[in-house]
Amino acid sequence: MSQLSVQPVAEQDNTSPMAAARAELQKLWARGCDFLGADIAILGGGMTWVSERNLVAAISNAGGFGVIACGAMDPDRLAAEIEATFALTDRPFGVNLITMHPQLEMLIDVCARLKVGHVVLAGGLPPSAAVRRIKDSGAKAICFAPALVLAKKLIRIGADALVIEGMEAGGHTGPVTTSVLAQEILPTIHEVPVFVAGGIGRGEAIASYLEMGAAGVQLGTRFVCATESIAHANFKKAFIRAEARDATLSVQLDPRFPVIPVRAIANAGTKRFTEIQRNVIAKVDQGLLDQKAAQLEIEHFWAGALRRAVVDGDVENGSLMAGQSVGLVKSEQPVAEILAELIAQAETALMRRREARG
């Protein structure tokens, strides 16, 4: 059972303003909760080295929906992580796979064999074959849609749900803000549940996106400093000290070589990425690397730099991937407390809006 007590709407006393707001929140994200099989329609973002068994299980046990970040794991390592997560929770959780992973099909098969119910495809437009493979296994396929035209395409190839993530998000991100994506996509896409991500750190924002038509939300940065997160103490301290403006986007050096921007707290590691990018571009120009191999080399840099920061605590030379909502992270808290705080904020916002309407 989850640690948060979420009463069914029918059993709640709706006579008080707060109880009515609580019932309204349950109604607003009922579609997302049903899709995820969770009490709370909040997904944990798939953060490499951070979203592992302990944090994922804590989110799911507290009523949310944890998501393992596969990152660069090979099939055997992913299988071990999934099995370890099942040992910590009997609640639903998902797995985030990077579409450019060279063993993507094998990773999907691992999820199928271990009966993972939801697979998230991130890091680029997924091949239709990968979506079919997930669905054929009986799992739900969740895909990232950075634009309305791509949202429609993903639904055509079988996506069961979408995540729209704005540029405020940490890690790899797109060029459009969350608020604009929400206005573009939420009024139009109704065929599948749509979850909003990027820059969300308080419950008031959650309530607003739900009222716009979202089925739920995804949060990453807000969970980095959870007590259950294995992130190094130095990494957490960097988040707690940071302001929103400190989480900056990486710079693309050459328009011939598109690099997915990465948002991270500025440090020596972000400057080092500029040098790495310059070296990789030179290799492509010399014919030493093709485009795909070059992109993988970039990804390997980020994976290594992120590990140095998250695991080893080297917050100067490692990568401090963080969304702009890092400015809202003020302390280390248990996951259940974070979720309870977000829910209380959302309910209070809904109550005040009801009172304003009379």
For residues 170-177, which side-chain N or O atoms pair as donor and acceptor with protein atoms under 3.5 Å away, sequence neighbours left out?
{"residue": "His172", "atom": "NE2", "partner": "Glu299", "partner atom": "OE1", "Å": "3.2"}
{"residue": "His172", "atom": "NE2", "partner": "Glu299", "partner atom": "OE2", "Å": "3.0"}
{"residue": "Thr173", "atom": "OG1", "partner": "Gly166", "partner atom": "O", "Å": "3.0"}
{"residue": "Thr177", "atom": "OG1", "partner": "Ser179", "partner atom": "OG", "Å": "3.4"}
{"residue": "Thr177", "atom": "OG1", "partner": "Val180", "partner atom": "N", "Å": "3.4"}

- prompt: Listed by chain and number, what are the side chain to side chain donor-acceptor pair (under 3.5 Å) partners of Glu211, not counting sequence neighbours?
  reply: Arg353
task: Could you tell me which residues satisfy side-chain contact (heavy atoms from CB on, under 4.5 Å) with Lys237, sequence neighbours excluded, listed by chain and number?
output: Arg241
Where at least one partner belongs to residues 79-98, residue pairs that pass ring-ring contact (aromatic ring centres under 6.0 Å, His included), sequence neighbours excluded: Phe86-Phe93
statement: All heavy atoms of Ile185 vs all of Ala147, minimum pair found to be CD1-C, 3.9 Å
- prompt: Any side-chain heavy atom of Leu43 within less than 4.5 Å of one from Leu219?
  reply: no
- line: ring-ring contact (aromatic ring centres under 6.0 Å, His included) pairs touching residues 101-140, sequence neighbours excluded, are Phe35-His118, Phe65-His118
- request: Could you tell me which residues satisfy salt bridge (Lys or Arg N to Asp or Glu O under 4.0 Å) with Glu168, sequence neighbours excluded, listed by chain and number?
  value: none
field: Heavy-atom side-chain proximity of Leu121 to Ile142 below 4.5 angstrom
entry: no
query: What ring-ring contact (aromatic ring centres under 6.0 Å, His included) pairs are there with at least one residue in residues 180-225, not counting sequence neighbours?
result: none
query: Transitive ILVMFWY cluster of Ile240 at side-chain heavy atoms under 4.5 Å: who else is in it?
result: Val329
- request: Would you please name every residue forming a salt bridge (Lys or Arg N to Asp or Glu O under 4.0 Å) with Lys140, sequence neighbours left out?
  value: none
statement: Residues passing the salt bridge (Lys or Arg N to Asp or Glu O under 4.0 Å) test with Glu52, sequence neighbours excluded, are none
Can you list, pair by pair, the side-chain donor-acceptor contacts under 3.5 Å of residues 335-348, counting residues two or more places apart and other chains?
{"residue": "Glu337", "atom": "OE2", "partner": "Gln333", "partner atom": "NE2", "Å": "2.9"}
{"residue": "Glu341", "atom": "OE1", "partner": "Gln333", "partner atom": "NE2", "Å": "3.2"}
{"residue": "Glu341", "atom": "OE2", "partner": "Arg222", "partner atom": "NH2", "Å": "2.4"}
{"residue": "Gln345", "atom": "OE1", "partner": "Gly203", "partner atom": "N", "Å": "2.8"}
{"residue": "Glu347", "atom": "OE2", "partner": "Arg22", "partner atom": "NE", "Å": "3.4"}
{"residue": "Thr348", "atom": "OG1", "partner": "Ala344", "partner atom": "O", "Å": "2.8"}

statement: With sequence neighbours left out, the residues meeting salt bridge (Lys or Arg N to Asp or Glu O under 4.0 Å) with Lys135 are Asp160
